[in-house]
Amino acid sequence: MPEGHTIHRLARRHNSLLRGEPLRASSPQGRFVAGAALIDGRQLVRAQGYGKHLLYEIEGALTLHVHLGLYGTFNELPQPALPPVGQVRLRWEGSQVCCDLRGPTVCELLERDSVRRLVRRLGPDPLRRGADPERAWAALQSRRVPIAAALLDQTVLAGVGNVYRAELLFLHGIEPTLPARELGRTDFDALWSSAVTLLRAGVRSGRIVTTDPADRERRGSARPDDAHYVYRRTGLPCRRCATPIQRAEMAGRNLYWCPRCQAA
DNA sequence: GGCTTATGCGCAG
DNA sequence: TGCGCCTAAGCCA
């Protein structure tokens with residue numbers, strides 16, 4: 001479930017599991033054999049999340065860059081690990097744990113310059129200390145695309161995905177088709193601040209929950225489908241006004257919104 | 001067990 | 001704009 005919160009959670013996890021000892025690296029699937037050979041036997045200096053990208057600084061100047069895309073996952077196995085089952089792109093092992101990476105969009109080694117270029121291309125990540133919302137604000141000013149499209153653009157804002165975008169727009173009553181450049185400064189500030197809060201909560205819990213705890217309590221349930229206001233709730237009554245939630249495709253992704261709470 | 005769907009994104013055309 | 005990646009969860013039988 002890879003939006004920014006998943007990535008930062010993995011970075012933390014891998015820092016605590018894999019740092020401090022030489023790691024064995026291999027590519028059972030065969031698509032990362034040369035790369036694995038280059039990092040085999042080296043230590044992990046630090047893992048960090050940047051938007052939806054995972055960057056693993058390896059002892060000796062190389063950085064392992066992983067992007068999970070839609071399908072990518074890491075699995076942890078205790079040592080001694082059983083032989084890999086299925087398509088494991090990278091098996092990375094310490095003495096205690098083994099981490100198997102499957103189905104990533106990107107798994108590659110980068111030199112320092114390429115890492116810099118990658119990071120420069122990304123907008124501010126609300127999960128990173130010192131992230132500068134002014135950069136996101138400036139980027140929005142120059143865009144005519146709908147705000148709902150701009151929020152998924154990783155050069156504007158890094159780490160927000162399809163679930164967070166739908167929920168953020170709902171929480172602030174913003175019409176998804178509003179041109180990005182017409183978003184008011186007050187709404188932007190509120191949006192940024194919610195993004196920080198919700199993504200951080202996601203890192204802590206490992207899932208995306210945007211509904212107010214008081215709301216959930218009032219409905220007397222902690223059903224898993226209570227976690228969102230609009231995402232994947234097509235046709236169901238809005239939790240605030242009971243109007244049926246709408247769905248439409250925008251730039252190839254499903255967009256969900258409440259036509260009443262998010263009217264112009 | 002099979003089928004559908006998906007939280008992303010680069011690329012061909 | 002549509003495809004490919006090729007995993008995993010949720011649903012149904």
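Letters A, B, ... are given to chains in the order of the sequence lines, protein chains preceding strands, and every chain is numbered from 1.
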- line: The residue, A:Tyr71 or A:Arg121, whose nearest nucleotide of DNA chain B is more 5′ is A:Tyr71
message: Could you tell me how far apart A:Arg102 (CZ) and B:dA6 (C1') are, to the nearest whole angstrom?
response: 19 Å
- request: Whole angstrom is fine here: how far is it from CG in A:Leu70 over to C1' in B:dC11?
  value: 16 Å
Atom-to-atom span, CE of A:Met250 to C1' of C:dT1 - whole angstrom: 16 Å
- request: Check whether A:Ile174 and A:Leu152 end up in the same hydrophobic cluster, where Ile, Leu, Val, Met, Phe, Trp and Tyr are linked by side-chain heavy atoms less than 4.5 Å apart.
  value: no
query: Between A:His228 and A:Tyr256, is the ring centre distance below 6.0 Å?
result: no
statement: When A:Arg232 and A:Gln87 are each assigned the nearest nucleotide of DNA chain C, the 5'-most assignment goes to A:Gln87
task: Please report, rounded to the nearest Å, how far the P atom of B:dT7 is from the NE2 atom of A:His228.
output: 11 Å
statement: A:Leu255 CG to B:dT7 C1', in whole Å, measures 14 Å
message: For B:dA6 and A:Asn162 - does any side-chain N or O of the residue sit under 4.0 Å from the phosphate oxygens OP1/OP2?
response: no
message: When you measure from the side-chain N and O atoms of A:Tyr231 to the phosphate of B:dT5, is any distance below 4.0 Å, counting only OP1 and OP2?
response: no
- request: Using the C1' atom as the reference point in each nucleotide, state the distance between C:dA8 and B:dG10 in Å, no decimals.
  value: 22 Å
field: N or O in side chain of A:Asn75 less than 4.0 angstrom from C:dA8 OP1/OP2
entry: yes
query: Just to confirm, is there a sub-4.0 Å distance from OP1 or OP2 of B:dT7 to any side-chain nitrogen or oxygen of A:Arg165?
result: no
field: C:dA8 OP1/OP2 closer than 4.0 Å to side-chain N/O of A:Thr73
entry: yes
message: Does B:dC9 have OP1 or OP2 under 4.0 Å away from a side-chain N or O of A:Lys52?
response: yes
query: Taking the same atom, P, in B:dT4 and in C:dC3, what whole-Å distance lies between them?
result: 16 Å
query: When the ring centroid of A:Phe74 is compared with that of A:His14, is the distance short of 6.0 Å?
result: yes
message: Rounded to whole Å, how long is the line connecting atom CG of A:Asp100 with atom P of C:dT7?
response: 12 Å
task: Round to a whole Å and report the spacing from CZ of A:Phe74 to C1' of C:dA8.
output: 16 Å
task: Rounded off to whole Å, could you give me the NE2-to-C1' distance for the A:His67 and C:dT7 pair?
output: 15 Å
- request: Would you mind listing every salt bridge (charged side-chain N to carboxylate O under 4.0 Å, His left out) that reaches into residues 107-116 of chain A, with sequence neighbours excluded?
  value: A:Asp113-A:Arg116
message: Ignoring hydrogens and geometry beyond distance, is a side-chain donor-acceptor pair present between A:Arg102 and A:Asn75 at under 3.5 Å?
response: yes
